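Side-chain atoms are counted along with the backbone in the values below, which use heavy atoms only and exclude waters and symmetry mates. Quick caveat: nothing in here was measured; it's all calculated off a predicted structure.
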Amino acid sequence: VFEHLSQFAGYGFCKAHAATYAKLSYRACYLKAHFPVEYMTAMINNFGGYYRSFVYVGEARRLGAKLTPPDMDKPSRLCTIDDNNVLRIGLAFVKNLSQKTIEKIIRQRSEAPFTSLADFLIRVRPSVNEAENLIRIGAFDFLGKTRPELLWYLKLYGKKLVKKNPDTTLLSDIPPQDAAFAVNLPDYNIDEKLSAEMEILEIAVTCHPTERIIAGNGHVKSIELSSLIGKNVKIIGQVINRRRIKTKNGKSMVFLSMEDAFDYFEVTLFPEMYRRFGQRIFKKPFLEVSGKVENRDGLLTIVADGLEVCV
């Protein structure tokens, strides 16, 4: 009898569990439809879900959010939004920024604004590496200095300013911040900002990364795929998920979930294509895919016949 009942585990599902998920799904759909930016902000702050944070950030951008990096004038541990749909990335997403430093930043800012980089370093006393990362992602842009200028100042005076018990004689050798910026240094360009964001936040704030990849006239956008069924296309996208399975013959094939600045799309690599191009999908997250757009059981997919890694 037990062996007979145990077979039910292969396809049975707890009704209470199913009902709970149905209710949760309905609520999630309602919130995303009526409060899209607020919903996506909550998803990002949850640090969970099926995908990594950059995927939810990309969806928030597509749903109308205006992304900004962490701001030392308005610090917050988690992501926040304002009445204009500005989504500010939280300090918890800054790589190698300790919880102790985050708490001190928020506490010190609640007492008084940071008036300069030197003021921040003396009051918060982060590590030089923490301060450098914050500068590179634009957390001090509100000071009106370029990021290279702030990094130059940090390089010259940072170690003295962040000492736990700074020697007043040493501090007296440090000029006021305004006087230290006698030489004007140009700010980061878009690609430099994006590179710093991807390295330190693992989130693209400035723009979607695929927007900075030069595409030819023959490339299509994800939102155009539904009108191109049965046609061969080329498209550039970012890999957000990989799923490898075995065919009945024991050969490996892969399904890729990808996105560009406009939407998500699916790519199928059958065994022969996976054998030829499989290694490329693990080298870099940005790929140029060529293949035929097909409608498989109501789902669009590009059946790949070529893959190139985008630098």
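Pairing each heavy atom of L87 with each of A60, the nearest pair is CD1-CB, 4.0 Å. Shown here for V205 and E197, the closest heavy-atom pair between the two residues is N-OE1, 2.9 Å. In plain terms, the two heavy atoms of C207 and A204 that are nearest each other are O-CB, 3.2 Å. Nearest heavy atom pair, residue F265 against residue L225, reads CB-CD1, 3.6 Å. Of all heavy-atom pairs spanning V57 and L67, the tightest one is CG1-CD1, 3.4 Å. Across all their heavy atoms, A196 and I137 have their closest contact at O-CG2, 4.0 Å.
Grouping the Ile, Leu, Val, Met, Phe, Trp and Tyr side chains by contacts below 4.5 angstrom, directly or via other members, places V289 apart from L299. In the hydrophobic cluster analysis, where Ile, Leu, Val, Met, Phe, Trp and Tyr join through side-chain heavy atoms closer than 4.5 angstrom, Y153 is grouped together with I122. L300 and M273 fall within the same hydrophobic cluster, where Ile, Leu, Val, Met, Phe, Trp and Tyr residues are linked whenever their side-chain heavy atoms come under 4.5 Å apart, directly or through other members. Under the 4.5 Å side-chain heavy-atom criterion for grouping Ile, Leu, Val, Met, Phe, Trp and Tyr, W152 is connected to L117 within one hydrophobic cluster. No path of Ile, Leu, Val, Met, Phe, Trp and Tyr side chains, each step under 4.5 Å between heavy atoms, connects F255 with Y51, placing them in separate hydrophobic clusters.
The aromatic rings of F114 and F120 stand perpendicular to each other, their planes meeting at an angle above 60°, with 30° marking the opposite boundary.
Within a 6.0 Å sphere centred on NZ of K95, other residues, nucleotides and ligands contribute more than 12 heavy atoms. Atom OH of Y21 has 12 or fewer heavy atoms from other residues, nucleotides or ligands within 6.0 Å. Remark: R280 CZ is packed, more than 12 non-hydrogen atoms of other residues, nucleotides or ligands lying under 6.0 Å away. No more than 12 heavy atoms of other residues, nucleotides or ligands sit less than 6.0 Å from atom NZ of K234. Within 6.0 Å of CG on L185 lie more than 12 heavy atoms contributed by other residues, nucleotides or ligands.
Counted by atom type alone, N46 and Y56 present zero donor-acceptor pairs between their side chains at under 3.5 Å. Checked by atom type, the side-chain pair D260/T210 shows no donor-acceptor distance below 3.5 Å.
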Evaluation steps, side chain to side chain contact (heavy atoms under 4.5 Å, CB included), between L154 and L121 | CA-CA 9 Å; L154 179 70; L121 295 173; 4.0 Å; yes
Could you walk me through whether K292 and N232 pass the side chain to side chain contact (heavy atoms under 4.5 Å, CB included) test, one step at a time?
-> CA-CA 4 Å; K292 187 177 182 179; N232 291 312; 3.4 Å; yes
Mind running salt bridge (charged side-chain N to carboxylate O under 4.0 Å, His left out) on R136 and E199 for me, showing each step along the way?
-> CA-CA 10 Å; R136 289 178 62 204; E199 175 190 340; 2.8 Å; yes
Yes or no on side chain to side chain contact (heavy atoms under 4.5 Å, CB included) for L269 and V267, after CA distance, side-chain angles and deciding distance?
-> CA-CA 7 Å; L269 274 74; V267 176; 3.7 Å; yes
Go through the steps to decide whether V293 and V220 satisfy the test side chain to side chain contact (heavy atoms under 4.5 Å, CB included), and finish with yes or no.
-> CA-CA 11 Å; V293 182; V220 303; over 6 Å; no
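Residues I245 and S252 are not in side-chain contact: their nearest non-hydrogen atoms beyond the backbone lie 4.5 Å or more apart. Counting heavy atoms from C-beta outward, S76 and I106 have side chains that stay 4.5 Å or more apart. No side-chain heavy atom of V94 sits under 4.5 Å from any side-chain heavy atom of E130. A 4.5 Å side-chain heavy-atom check between E59 and E259 finds every atom pair outside the cut-off. With contacts defined as side-chain heavy-atom distances shorter than 4.5 Å, the pair P70/L201 qualifies. When side chains are defined from C-beta on, K104 does not count as touching R123, because their heavy atoms never get closer than 4.5 Å. You'll find the side chain of I105 stays beyond 4.5 Å of the side chain of R77, heavy atoms only. Inter-residue side-chain proximity for Y188 and S195 is flagged as unmet; no heavy-atom pair is nearer than 4.5 Å.
Applying the side-chain contact (heavy atoms from CB on, under 4.5 Å) rule to Y30 yields the partners H34, F35; only residues at least two apart in sequence or on another chain are considered. Considering only residues two or more places apart in sequence or on other chains, E192 meets the salt bridge (charged side-chain N to carboxylate O under 4.0 Å, His left out) condition with none of them.
Under a cutoff of 6.0 Å and an axis angle of 45°, R62 and Y264 form a cation-pi pair.
Ion pairing of R296 with E266 is absent here, as no side-chain N (NZ or NE/NH1/NH2) approaches a carboxylate O to less than 4.0 Å. The pair R147-D141 counts as a salt bridge, with a side-chain nitrogen and a carboxylate oxygen less than 4.0 angstrom apart.
To the nearest 0.5 Å, atom OH of residue Y50 and atom CD1 of residue I240 are 9.5 Å apart.
Here V86 sits alone; no ILVMFWY side chain lies under 4.5 Å from its own, so it joins no hydrophobic cluster.
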